[in-house]
Amino acid sequence: MTHLLRRCAVLLGLLALVSCGKPEPAPQIAAAADLRLALTDAAAAFEKETGEKVVLNFGASGNLTRQLQQGAPFELFLSADESYVTQLVQAGKTRDEGRLYAIGRLALIAPKGSPLRLDSQLAGLREALARGDISRFAIANPEHAPYGRRAQEALDHAGLWKPLQDKLVLGENVSQALQFATEGGAQGGIVAHSLVLDPAVKGRAAYVLIPANWHTPLRQRMVLMKTAGPVAERFYAYLAEPAAKAIFAKYGFTLPAGKP
């Protein structure tokens, strides 16, 4: 009996050693779809510098917020609209109020061969509508995608929201809206500036920026969840460093100044 107990103790000790030697799983990061290019580059730079990995999950900020409210195991959230972070703060899901990391821009895009003439005042879109040349126009769903909501505001500012109602093709997020605008048979769309800078898009479409004062600013905030571990904490800190800020600037984001 004593021999058996001794063997069990040895086995338990070995199991404990194996368990202790297992690496911690990479933290899950929830991020707005407009960050698909910038955050992928930032995560790669973070891994190169630290040897630590993070797993990126992109989607519409409203949908990601709902998942976080329901207990999704994300450790860090980067929203395209700071109001969603505020919701999580008020629900007691976060460490603190987070940090403003970027301000986004809208872009009007048209695929090659489109009858849509691009201009920042949307006069070409108005003309194409009047000619009957627009049958499909893509934006992200305003109900849960910040870039879709701002696109609606910009179109409303130009007096084009109502004329476009029966032409709209709504993407689940702004990344899908870009796909619809360039590959889905649409004559154009309004998407994130950060995504149209993809070299793959440059060969298929052209774009122009929409005036920033035509819509509510796209103030993008990130926040650590209460469950965040040390790797997520370090990635959060890294995103405020000059190297990461340079990546955001490369993809057309304005870097915030003043109050975080």
Side-chain angles (χ1 to χ4, degrees), residues 22-68 72-82 84-85 88 93-105 107 140 145-147 171-179 191-202 218-256 260:
K22 284 184 178 178
E24 288 293 318
Q28 299 286 327
I29 311 299
D34 69 303
L35 297 172
R36 179 173 53 84
L37 302 172
L39 200 62
T40 297
D41 281 7
F46 174 74
E47 182 181 354
K48 183 177 181 181
E49 182 175 311
T50 66
E52 296 174 323
K53 294 183 179 181
V54 296
V55 178
L56 304 177
N57 302 269
F58 297 104
S61 295
N63 288 340
L64 293 171
T65 299
R66 185 171 62 252
Q67 293 172 33
L68 285 160
F74 300 124
E75 298 183 33
L76 171 62
F77 176 40
L78 292 95
S79 177
D81 183 339
E82 63 181 350
Y84 287 115
V85 169
L88 294 170
K93 300 286 186 180
T94 67
R95 294 273 185 91
D96 53 26
E97 295 181 354
R99 178 189 297 130
L100 190 69
Y101 65 89
I103 298 173
R105 291 290 304 272
Y147 276 83
E172 182 67 13
N173 53 59
V174 72
S175 186
Q176 188 177 63
L178 173 65
Q179 185 178 359
V191 296
H193 180 211
S194 60
L195 295 180
V196 301
L197 295 177
D198 186 342
V201 173
K202 288 182 180 180
L218 279 153
R219 288 171 55 88
Q220 307 200 185
R221 183 171 289 266
M222 61 181 175
V223 68
L224 284 167
M225 309 309 293
K226 279 190 172 178
T227 56
V231 177
E233 291 172 353
R234 286 191 283 273
F235 186 53
Y236 176 75
Y238 176 79
L239 292 176
E241 294 179 3
K245 287 182 176 181
I247 293 173
F248 283 119
K250 171 186 172 183
Y251 286 102
F253 290 103
T254 301
L255 302 181

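Because the structure is predicted, anything quoted here is derived from the model rather than measured.
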Kindly give the heavy-atom pair with the smallest separation between [X] and [Y], and that separation in Å.
{"X": "Ala192", "Y": "Asp34", "answer": "CB-CB, 3.8 Å"}
{"X": "Ser61", "Y": "Asp81", "answer": "OG-N, 4.3 Å"}
{"X": "Met222", "Y": "Leu78", "answer": "CB-CG, 3.7 Å"}
{"X": "Ser79", "Y": "Ala32", "answer": "C-CB, 4.1 Å"}

Between [atom1] on residue [X] and [atom2] on residue [Y], distance to nearest 0.5 Å:
{"X": "Thr227", "Y": "Leu76", "atom1": "OG1", "atom2": "CG", "value": "10.0 Å"}
{"X": "Leu239", "Y": "Arg99", "atom1": "CG", "atom2": "CZ", "value": "8.5 Å"}
{"X": "Gln220", "Y": "Tyr147", "atom1": "CD", "atom2": "OH", "value": "4.0 Å"}
{"X": "Ile247", "Y": "Phe253", "atom1": "CD1", "atom2": "CZ", "value": "12.0 Å"}
{"X": "Leu218", "Y": "Glu82", "atom1": "CG", "atom2": "CD", "value": "10.5 Å"}
{"X": "Asp198", "Y": "Leu178", "atom1": "CG", "atom2": "CG", "value": "8.0 Å"}

Tell me every residue that passes side chain to side chain contact (heavy atoms under 4.5 Å, CB included) with Glu49, counting only those two or more places apart in sequence or in another chain.
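Residues passing side chain to side chain contact (heavy atoms under 4.5 Å, CB included) with Glu49: Tyr238, Glu241.
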The criterion is side chain to side chain contact (heavy atoms under 4.5 Å, CB included); which residues satisfy it with Ala228, sequence neighbours excluded?
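If we apply the side chain to side chain contact (heavy atoms under 4.5 Å, CB included) test to Ala228, skipping adjacent residues, the hits are Glu75, Arg95, Leu224, Ala232.
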Taking the side chain as every heavy atom from C-beta outward, state whether Val201 and Leu195 have any pair of such atoms under 4.5 Å apart.
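Val201 does not reach Leu195 side chain to side chain.
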Could you check whether any side-chain heavy atom of Leu68 comes within less than 4.5 Å of a side-chain heavy atom of Met225, counting everything from C-beta outward?
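Sidechains of Met225 and Leu68: in contact.
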Evaluation steps, side-chain contact (heavy atoms from CB on, under 4.5 Å), between Thr94 and Phe77
CA-CA 9 Å; Thr94 67; Phe77 176 40; over 6 Å; no
Determine the interplanar angle of the Phe248 and Tyr101 rings, folded into 0 to 90°, and report it as parallel if under 30°, tilted if 30 to 60°, perpendicular if over 60°.
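Tilted, since the angle between the ring planes falls between 30° and 60°.
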Are more than 12 heavy atoms from other residues, nucleotides or ligands located less than 6.0 Å from atom CD of Glu97?
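It does not: Glu97 CD has 12 such atoms or fewer within range.
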Does the pair Thr50 and Phe235 meet the rule for a side-chain contact (heavy atoms from CB on, under 4.5 Å), with working shown?
CA-CA 10 Å; Thr50 66; Phe235 186 53; over 6 Å; no
